[in-house]
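The block underneath contains the structure these notes are about, expressed in structure tokens.
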Amino acid sequence: MDRISIIKPDDWHVHLRDKDALETTVPAAIRCFERCIIMPNLSPPVTSAELIKRYRDSILKYKPSNSKWTPLMVMYLTDHTSIKCIRTAFDQGLIFGCKYYPAGATTNSASGVTNLNGLDAVFNVMQELGITLQIHGEVTDSSVDIFDREKIFIDRHLTQIKHRFPELKIVFEHVTTKQGVEFVRDSDKYIAATITPQHLLFNRNDMLVGGIRPHLFCLPILKRDLHQNALIKAATSGEKKFFLGTDSAPHSREDKENICGCAGCFSHHAAIELYAEAFERAGALHRLEQFASKNGAEFYGLKTNSEFISLLRDPWRVPDQIDYRDSYLVPLGAGLTLNWRLET
């Protein structure tokens, strides 16, 4: 098989950043996706209807007039998010979801939530209105090992949220563990999960053995191979609860190769090719369309896209760097040979 065609996919979790970063990130998002859920962790974060509209307008300035690509906007939850704030954004048709970051968990999360129990009123109105809660599922307790953050979050918090708000739609974003996969699989129709290309293609050995590779550092952090294998099985299973969410997040090389290097992998330069690589390694290319193009749309209650894309078997080398702002970034898979290329 030298050519495959699939329904045009969507990315249900991406970071575009803002200002001049959009010159790089918006064209990369449009490259193979029809819709993208845009994460709101800017500095300052996107916490109101007014800020959502302003951010969306700035993104759309970089969208070509003939493009059907649509950014789906998300509100950043804080300890001070009000019911009125949620309803205002919903009534104006601006809000596609609300993002929970534990304070201090990842890039620009300092304004995140410190007390989940304090959001009960917000979760209740989200459940009422059918707004999806997108969760960064980690605890930030310093006594918890970084590789156990996701499991502890499930035990300590996610089970309680699910119990108190049984019909609140929840996406367990960038799930990274066997326990996370099992929780989603064993839950009802209101819970699903996104899976990134980095967590399918790499594990913590790739990041740490033979020297630290900062461009594979992301949060949630890469886990051991048994978790990677659980993610591969989930993504390639055809199960509707798992779908594509790249978590693509650009950082300049100097910000990554730093004494306190930031977390995030930029994958939008070759997102669908990276997923195709993972699916082919698992002998499951025939299930790529289900994962990339159908499951997410169904969970969010949207129609699948009407257009198709094609991938050609044409080995190519991922570039070592990509221009970004006044510098450049090192993309996910830099220097690797990928077997599939998007037909343009």
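Side-chain atoms are counted along with the backbone in the values below, which use heavy atoms only and exclude waters and symmetry mates.
In this structure the side chain of Tyr62 reaches within 4.5 angstrom of the side chain of Glu23, judged on heavy atoms. With a 4.5 Å cut-off on side-chain heavy atoms, His13 and Ser248 do not count as touching. Val171 places none of its side-chain heavy atoms less than 4.5 Å from the side chain of Ile135. Between Phe308 and Glu289, some side-chain heavy-atom pair lies under the 4.5 Å cut-off. Put simply, the side chain of Asp57 does not reach to within 4.5 Å of the side chain of Lys61, judged on heavy atoms. Side chains of Val139 and Pro102 form no contact here, defined as non-hydrogen atoms less than 4.5 Å apart. In this structure the side chain of Thr81 never reaches within 4.5 angstrom of the side chain of Thr47, judged on heavy atoms. Looking at heavy atoms from C-beta onward, Ser48 lies in side-chain contact with Leu51 at the 4.5 angstrom threshold.
Salt bridge annotation for Asp188-Lys162: present, with a cationic side-chain nitrogen under 4.0 angstrom from a carboxylate oxygen. Under the 4.0 Å criterion applied to side-chain N and carboxylate O atoms, Arg31 and Glu273 are assigned as salt-bridge partners. The pair Lys99-Glu173 fails the salt-bridge criterion, with no side-chain N (NZ, NE, NH1 or NH2) lying under 4.0 Å from an Asp/Glu carboxylate O. Between Asp120 and Arg164 there is a salt bridge, since at least one side-chain N of the basic residue sits less than 4.0 Å from a carboxylate O of the acidic one. Arg317 and Asp320 are joined by a salt bridge, as a carboxylate oxygen and a charged side-chain nitrogen come within less than 4.0 angstrom of each other. Using a cutoff of 4.0 Å between basic side-chain nitrogens and carboxylate oxygens, Glu343 and Arg3 are scored as salt-bridged.
A donor-acceptor contact shorter than 3.5 Å links the side chain of Asn295 to the backbone of Phe242. Put simply, the side chain of Lys53 never gets that close to the backbone of Leu94: no donor and acceptor are under 3.5 Å apart. The backbone N or O of Leu22 sits nowhere less than 3.5 Å from a side-chain atom of Arg17 that would complete a donor-acceptor pair. For Thr114 (side chain) and Gly112 (main-chain N/O), no donor-acceptor pair under 3.5 Å exists by modelled atom type. The backbone N or O of Gln228 lies less than 3.5 Å from no partner atom in the side chain of Lys178, so there is not a single donor-acceptor pair. No side-chain donor-acceptor contact under 3.5 Å links Thr88 to the backbone of Cys85. Between the Asp247 side chain and the Thr196 main chain, no donor and acceptor come within less than 3.5 Å of each other. Remark: side-chain polar atoms of Arg287 are not paired, donor with acceptor, to backbone N or O of Gly283 under 3.5 angstrom.
Contact between Trp12 and Phe243 at its shortest, heavy atoms only, is CD1-CD1, 3.6 Å. Across every non-hydrogen atom of Gly245 and Asp11, the tightest pair is CA-OD1, 3.4 Å. Nearest heavy atom pair, residue Pro319 against residue Pro331, reads O-CG, 3.3 Å. Counting all heavy atoms, side chain and backbone alike, His268 lies closest to Cys36 at CE1-SG, 4.4 Å. Closest approach of Thr246 to Gln198, counting heavy atoms only: O-OE1, 3.7 Å. The two atoms that bring Thr236 and Ala282 nearest to each other are CG2-CB, 4.0 Å, heavy atoms only.
Taking the six-membered ring where the residue is Trp, the centroids of Tyr76 and Tyr100 are separated by 6.0 Å or more. Side-chain rings of His251 and His215 stay apart, their centers remaining 6.0 Å or farther from each other.
Within the structure, every pair that satisfies the salt bridge (Lys or Arg N to Asp or Glu O under 4.0 Å) test and touches residues 138-149, not counting sequence neighbours, is listed here: Asp141-Arg156.
In this structure, Ile131 is a member of the same hydrophobic cluster as Ile83, with clusters built from ILVMFWY side-chain heavy atoms closer than 4.5 Å. Hydrophobic clustering (side-chain heavy atoms under 4.5 Å, transitive across Ile, Leu, Val, Met, Phe, Trp, Tyr) groups Leu129 together with Phe165. A continuous path of Ile, Leu, Val, Met, Phe, Trp and Tyr side chains, each step under 4.5 Å between heavy atoms, connects Leu116 with Val144, placing both in one hydrophobic cluster. Two different hydrophobic clusters hold Phe33 and Ile7 under the rule that ILVMFWY side chains link at heavy-atom gaps under 4.5 Å. Val125 and Met73 fall within the same hydrophobic cluster, defined by Ile, Leu, Val, Met, Phe, Trp and Tyr side-chain heavy atoms under 4.5 Å apart, directly or through other members.
Around the CZ atom of Arg325, the shell of radius 6.0 Å holds more than 12 heavy atoms that belong to other residues, nucleotides or ligands. Shown here is Lys8, whose NZ atom has more than 12 heavy atoms of other residues, nucleotides or ligands within 6.0 Å.
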With side-chain hydrogen bond (donor to acceptor under 3.5 Å, both in side chains) as the test, would you mind laying out the steps for Thr177 and Lys223 before giving the verdict?
CA-CA 7 Å; Thr177 62; Lys223 306 298 194 299; over 6 Å; no
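When the side chain to side chain contact (heavy atoms under 4.5 Å, CB included) test is applied to Ser187, the partners found at least two apart in sequence or on another chain are Phe183, Ile191, Lys241. With sequence neighbours excluded, the residues that form a side-chain hydrogen bond (donor to acceptor under 3.5 Å, both in side chains) with Asp155 are Lys151. The side chain to side chain contact (heavy atoms under 4.5 Å, CB included) check on Glu298 picks up Lys240, with sequence neighbours excluded.
Looking only at atom types and distance, the side chain of Asn305 has a donor-acceptor partner in the side chain of Asp10 under 3.5 Å away. Glu277 and Trp340 share no donor-acceptor pair across their side chains, judged by distance under 3.5 Å alone. Between the side chains of Ser327 and Glu254, at least one donor-acceptor pair of N or O atoms lies under 3.5 Å.
When hydrophobic side chains of Ile, Leu, Val, Met, Phe, Trp and Tyr are connected at separations under 4.5 Å, Ile322 ends up clustered with Phe266, Tyr324, Leu329. Chaining together hydrophobic side chains whose heavy atoms lie under 4.5 Å apart places Ile146 alongside Phe147, Leu201, Phe202, Met207, Leu208, Ile212, Leu216, Phe217, Leu219, Ile221, Leu222, Leu274, Trp316, Val318, Leu332, Leu336, Leu338.
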